[in-house]
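All chains are named by letter (A, B, ...) in the order of the sequence lines, taking the proteins before the strands, and each is independently numbered beginning at 1. On a predicted model such as this, the values are computed, not experimentally measured, just so you know.
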Amino acid sequence: MVAGLWICYWFPRLSIVYEIPDLYAIVLKSLKSIPQGKVTTYGEIGKALGDKISARAVGYIMATNRWPDIYPCYKVVGSDGNIGGYSLGTDLKKRKLRKEGIRIVSGHIENLEEIVVMSKDLKIPPVLESLQRLQQYLGEKVDLSNFYGEPRYVVSLDLGYINGPPDINIATACLFDLEENKVLSLAISVVPIFMPYIPTYLAFRELPAALLALEKILDVRYPDIIAVDGQGILHPRKFGIASHIGVITNIPSIGIAKSILVGKVIGDWKKYGELKYAPIDLRGEICGYVVSKGKHKIIVSPGHRTSVDGALKIALSLEWRNNENEPYVMRIPHIVSTHFRKYLRNLWRLIRDKQTDLTSFIS
DNA sequence: GCGACAG
DNA sequence: ATCTTGTCGC
Ligand SMILES: [Mg+2]
């Protein structure tokens, strides 16, 4: 009997989750239609998906292909003609390509333009275009006027990953009382996901697990605001994951990230107690701020029903502990997700390897 | 060739 | 984001 550890889960009620494509299946299945003697590139597949920025994610899907005999990922090479990597060895990739009559000189295909299958000829629907349109459509609903009053109850959201495939998300939603500075509730979700990380499409990777945990917390209490690990409107389409969660729940939200996706810090730092902050410009508009404490920094931007200044004001009010790299309220879901991930990983290793220690592990 | 790319 | 031990800095 093969060892197993199964986590049972259900989908969030919010319907966006059903629109998220299985990029692994789409890309892997498309490889079967590449004719003998032809190849394609990571970039062409990315273009066919609807955004060339996904080229590296395509590489990740190839690298983690568990069925190389069924899905011929050796037919995908670099756009400069370099044949690229192969988990079964680069030599085998060369041999498989040569067997189809493809000429390779020092790891390089000389006549790539003659044998490459272009994006329009790949059997791949432009799913990223649809997701981008969804971001633009929902982005028009973002409200940047500030909600009324001082926030007391906040839900902070963050995730950890177990690498697959399928990758698994562990999301933690933390209901936190800013007045008493204490945790009121935690909700943890474990969800397999079929979207790789693609810059500017992060939400579609993290939304299913994040919403599942968030919905459970909303059964306890609606918070004044949701603080999401990621960007709000500091996004090419002004619709990062914090805005996305804000709009589909219609709850005020802010994004708190550790680095910038787009935009530029404008000089002109100001002091606020132990903190310093400076505005971030996106296409001539101030869309967020960098807030720093010592060597650590966070990037804050409004998500929904919050103003840029309102988001800054909240960020400046959050408590940082010791020399930690982010405010305490954001650190909790991060730590909980990480611990839960390690717990699951250790439990799995135990089931797989050393049955006899199971009782002592659990106690 | 270099830089840029939330998690 | 994760992998992974000891090691460096405050
Ligand atoms: Mg995170």
Side-chain angles (χ1 to χ4, degrees), chain A residues 20 23 42-43 46 51-60 63-64 79-80 82 128 131-132 135 156-172 190-193 195-210 213 227-246 253-265 274 280 282 287-291 293-303 311 320-326 330-331 333-346 348-349:
Chain A
I20 298 176
L23 236 67
Y42 304 102
D51 197 334
K52 238 183 165 182
I53 204 170
S54 64
R56 292 211 307 244
V58 171
Y60 179 70
T64 56
S79 52
D80 57 0
N82 282 312
L128 295 182
L131 296 181
Q132 206 171 118
Q135 287 178 328
S156 52
L157 262 173
D158 194 14
L159 297 86
Y161 295 108
I162 298 173
N163 284 335
D167 291 343
I168 293 168
N169 265 350
I170 295 150
T172 303
V190 179
V191 177
I193 50 171
M195 274 286 289
Y197 169 66
I198 304 170
T200 77
Y201 300 88
L202 173 68
F204 301 108
R205 177 164 167 80
E206 297 197 335
L207 232 25
V228 183
D229 179 29
Q231 308 291 354
I233 63 169
L234 272 175
H235 179 279
R237 294 173 284 283
K238 294 200 169 187
F239 200 67
I241 186 170
S243 297
H244 207 139
I245 289 175
S253 67
I254 61 171
I256 296 184
K258 269 137 263 156
S259 63
I260 289 181
L261 172 64
V262 288
K264 198 171 167 239
V265 178
E274 287 189 296
I280 298 174
L282 178 60
C287 290
Y289 284 86
V290 52
V291 175
K293 189 195 179 203
K295 62 183 179 184
H296 302 300
K297 64 159 198 265
I298 55 173
I299 313 299
V300 56
S301 58
W320 299 56
R321 291 188 166 201
N322 306 322
N323 292 313
E324 292 172 352
N325 65 346
E326 60 184 339
M330 296 308 296
R331 197 166 162 73
H334 185 258
I335 296 293
V336 170
S337 294
T338 301
H339 276 241
F340 205 81
R341 185 191 83 239
K342 288 178 179 166
Y343 179 85
L344 285 179
R345 193 235 271 141
N346 291 336
W348 162 242
R349 285 182 180 172

Between [N] ([atom2]) and [X] ([atom1]): distance, integer Å:
X: A:Tyr343; N: C:dT2; atom1: OH; atom2: P; answer: 19 Å
X: A:Phe340; N: C:dT2; atom1: CZ; atom2: P; answer: 15 Å
X: A:Glu326; N: C:dA1; atom1: CD; atom2: P; answer: 8 Å
X: A:Lys52; N: B:dA4; atom1: NZ; atom2: C1'; answer: 16 Å
X: A:Ile198; N: B:dC5; atom1: CD1; atom2: P; answer: 17 Å
X: A:Arg349; N: C:dT4; atom1: CZ; atom2: C1'; answer: 10 Å
X: A:Gln135; N: B:dA6; atom1: CD; atom2: C1'; answer: 12 Å
X: A:Ile162; N: C:dT4; atom1: CD1; atom2: P; answer: 14 Å

Categorize [X] for me: base, sugar-phosphate, or nothing, with a 4.0 angstrom heavy-atom threshold over every strand shown.
X: A:Phe204; answer: nothing
X: A:Glu206; answer: sugar-phosphate
X: A:Asp229; answer: sugar-phosphate

Query raised in the report: Just by distance, do the side chain of A:Gln135 and the backbone of A:Thr200 share a donor-acceptor pair under 3.5 Å?
Result: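 A pair under 3.5 Å: yes.
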
Requested in this report: Indicate yes or no for a side-chain donor-acceptor contact from A:Ser301 to the backbone of A:Cys287 under 3.5 Å, with no hydrogens or angles considered.
Outcome: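 No; zero donor-acceptor contacts below 3.5 Å.
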
Under 4.0 angstrom between [X] side-chain N/O and [N] OP1 or OP2:
X: A:Thr200; N: B:dC5; value: no
X: A:Tyr197; N: B:dA6; value: yes
X: A:Arg345; N: C:dC3; value: yes
X: A:Arg56; N: B:dA4; value: no

Among [options], which nucleotide has an atom closest to any side-chain atom of [X]?
X: A:Thr338; options: C:dT2, B:dG7, B:dC5; value: C:dT2
X: A:Lys258; options: B:dG7, C:dT2, B:dA6; value: B:dG7
X: A:Ile53; options: C:dA1, B:dC5, B:dG7; value: B:dC5

Query raised in the report: Do we see a donor-acceptor contact under 3.5 Å between the side chains of A:Tyr201 and A:Gln132?
Result: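 Looking only at side-chain atoms, A:Gln132 and A:Tyr201 do form a donor-acceptor pair, the distance falling under 3.5 Å.
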
Requested in this report: Could you tell me whether A:Lys258 and A:Asp229 have a side-chain N and a carboxylate O separated by less than 4.0 Å?
Outcome: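 Yes, A:Lys258 and A:Asp229 are salt-bridged.
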
Report task. Return the minimal non-hydrogen interatomic distance between A:Pro165 and A:Thr64, and the atom names on each side. Result ->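 Distance-wise, the nearest heavy atoms are CG-O, 3.4 Å.
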
Query raised in the report: More 5' along DNA chain C: A:Asn323 or A:His334, using each one's nearest nucleotide?
Result: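 Checking each residue's closest nucleotide, the 5'-ward one belongs to A:His334.
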
